[in-house]
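What follows is a single structure, written as structure tokens, with notes after it.
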Amino acid sequence: MVDSTVNRHSSMDVILESQAQLVSRIGLATKNSNKLSFLHGEIGVGKSHVANLLQQNLLNVHTVKLQLKNAIEPEQLKQQIICELATDELSDLNQSISTAVHNSIRHKNISTLLIIDNAELIPQQALNALWQSIHELTRMNQTHFTFNVLLIGASRWAFPVYSGLKNKTDSLVAEYSLTALTKQQAIDFMMNVHADWSDLKIQQFINKVAPEYLTPKQLIYAQLPLANSYKKKILLGISLIVLLLISVAIVGSISSEKSESIIDSTEVPNFITPLAPVNPSEINEIKVESTQTTIVDDITNITPTAVTSDVIP
């Protein structure tokens with residue numbers, strides 16, 4: 001059993017080099033141009049952590065972060081963004097996103113970064129509206145302040161959307177990705193997060209974790225990859241046993257039904273003709289008649305023999 005006594009707050013203070021590089025790259029991009037950007041990667045690689053670092057570290061940027069929990073309608077998302085960018089309580093909810101951003105930039109004299117976590121919950125219509133708002137603001141805003149949207153989601157969702165928009169004319173899009181850690185990066189991360197572990201214990205643990213599980217989130221809790229793998233093996237074994245028992249029962253039932261059907265449908269040929277019952281008195285009469293006939297035949301068949309007698313003179 002692997003220990004999992006770890007302080008979440010202290011572990012979140014550990015910044016990986018890949019994460020720090022992304023924060024720097026995205027920060028520089030927000031200063032230069034307006035873009036719809038995608039930050040993607042598998043679960044646990046630290047995408048949300050990078051978003052939090054951007055909020056904390058970007059200076060002279062008005063950062064708005066939305067973390068979606070459920071699917072959202074396009075109009076609902078638009079109104080939520082307008083409310084977050086509102087400069088007063090009487091903002092028109094029917095105005096376009098680009099108009100709301102433009103008013104916010106003029107009012108605050110600062111660039112704006114909109115971060116949307118779990119962006120795969122955004123419908124296609126809303127994505128198109130965000131992309132169009134960036135192009136509209138590029139034409140409207142003549143200042144050096146910028147408007148950027150950072151969409152955070154899984155790679156299987158983000159990359160196809162990014163590729164489709166990239167192929168459009170004058171498409172202002174960018175993409176950033178986070179991957180699983182290398183073995184050495186995972187060891188360095190574990191030494192910071194689990195400072196009470198020995199070097200040997202950390203090395204042994206890393207050797208047992210599959211490469212795809214070498215992510216910050218999994219390493220913080222330490223036991224999750226192995227526990228999940230063990231549970232999956234148990235459930236798989238139970239499922240196979242139940243399936244085998246069901247298969248045996250079905251095959252046995254089918255075989256039994258076939259055997260009964262064969263017995264019922266087969267006629268046994270009658271090779272022996274049963275004898276008719278005989279009256280005992282008839283049997284006695286037959287015996288007597290046979291005996292008498294034999295005696296008469298024997299008498300009738302006697303041939304007389306000439307008797308020669310010697311005459312005595």
Side-chain angles (χ1 to χ4, degrees), residues 22-40 47-153 157-158 161-162 165-166 168 170-176:
L22 270 182
V23 171
S24 177
R25 288 177 60 196
I26 296 173
L28 290 173
T30 60
K31 294 180 181 180
N32 298 328
S33 63
N34 305 320
K35 285 188 181 298
L36 178 67
S37 301
F38 296 83
L39 173 58
H40 60 90
K47 302 184 296 294
S48 298
H49 187 42
V50 169
N52 293 333
L53 292 174
L54 285 168
Q55 280 188 291
Q56 298 170 11
N57 299 334
L58 287 185
L59 303 176
N60 299 322
V61 175
H62 178 215
T63 304
V64 176
K65 183 182 177 184
L66 303 178
Q67 187 163 10
L68 304 181
K69 300 295 184 182
N70 301 294
I72 189 170
E73 294 296 327
E75 188 63 27
Q76 183 182 357
L77 178 63
K78 172 190 168 184
Q79 292 180 1
Q80 191 171 348
I81 293 173
I82 292 174
C83 289
E84 293 290 343
L85 297 172
T87 57
D88 55 57
E89 296 179 357
L90 301 176
S91 295
D92 183 10
L93 295 179
N94 293 322
Q95 64 183 312
S96 65
I97 295 176
S98 57
T99 301
V101 174
H102 181 64
N103 293 334
S104 176
I105 289 176
R106 287 196 308 169
H107 180 77
K108 295 176 177 145
N109 287 323
I110 195 173
S111 295
T112 300
L113 172 63
L114 173 62
I115 301 174
I116 304 180
D117 204 350
N118 297 324
E120 55 262 37
L121 297 173
I122 300 175
Q124 186 63 43
Q125 183 180 349
L127 285 175
N128 293 336
L130 288 171
W131 179 71
Q132 291 174 1
S133 67
I134 291 175
H135 284 266
E136 291 173 3
L137 190 67
T138 301
R139 294 189 296 267
M140 293 168 54
N141 185 26
Q142 301 301 322
T143 67
H144 62 280
F145 299 118
T146 62
F147 172 53
N148 282 269
V149 178
L150 181 64
L151 303 178
I152 300 176
W157 164 82
V161 178
Y162 159 74
L165 293 176
K166 184 181 178 182
K168 295 182 180 293
D170 299 328
S171 183
L172 301 175
V173 294
E175 65 94 16
Y176 309 93

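The basis for the numbers below is simple: all heavy atoms, side chains too, and nothing from hydrogens, waters or symmetry mates.
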Under 3.5 Å donor-acceptor, [X] side chain and [Y] backbone:
{"X": "Ser104", "Y": "Ala100", "result": "no"}
{"X": "Lys65", "Y": "Leu113", "result": "no"}
{"X": "Asn34", "Y": "Phe147", "result": "yes"}
{"X": "Gln125", "Y": "Ile122", "result": "no"}
{"X": "Ser133", "Y": "Leu130", "result": "yes"}
{"X": "Ser171", "Y": "Leu165", "result": "yes"}

Will you find, in the side chains of Asn148 and Thr30, an N or O donor that is under 3.5 Å from an N or O acceptor? no

Mind checking whether [X] and [Y] have side chains closer than 4.5 Å, heavy atoms only?
{"X": "Arg106", "Y": "Asn103", "answer": "yes"}
{"X": "Leu151", "Y": "Tyr162", "answer": "no"}
{"X": "Leu114", "Y": "Leu66", "answer": "yes"}
{"X": "Leu93", "Y": "Cys83", "answer": "yes"}
{"X": "Ile82", "Y": "Ser96", "answer": "no"}

Member of Leu53, Ile115, Leu150 meeting the side chain to side chain contact (heavy atoms under 4.5 Å, CB included) criterion with Ile26: Leu150

What closest approach, in Å, do Gly27 and Leu58 show between heavy atoms, and which atom pair accounts for it? CA-CD2, 3.5 Å

Where Thr146 and Ile105 come nearest, the two heavy atoms and their spacing: O-CD1, 3.9 Å

Counting only heavy atoms not in Lys166 (residues, nucleotides, ligands), do more than 12 fall under 6.0 Å from its NZ? no

Count the heavy atoms belonging to other residues, nucleotides or ligands that lie under 6.0 Å from CD of Glu75, then report whether that count exceeds 12. yes

Evaluate the side-chain contact (heavy atoms from CB on, under 4.5 Å) criterion for residues Ser48 and Asn118: first the C-alpha distance (whole Å), next the side-chain angles of each, then the deciding distance (0.1 Å), finally the verdict. CA-CA 9 Å; Ser48 298; Asn118 297 324; over 6 Å; no

With side-chain contact (heavy atoms from CB on, under 4.5 Å) as the test, would you mind laying out the steps for Leu172 and Leu36 before giving the verdict? CA-CA 6 Å; Leu172 301 175; Leu36 178 67; over 6 Å; no

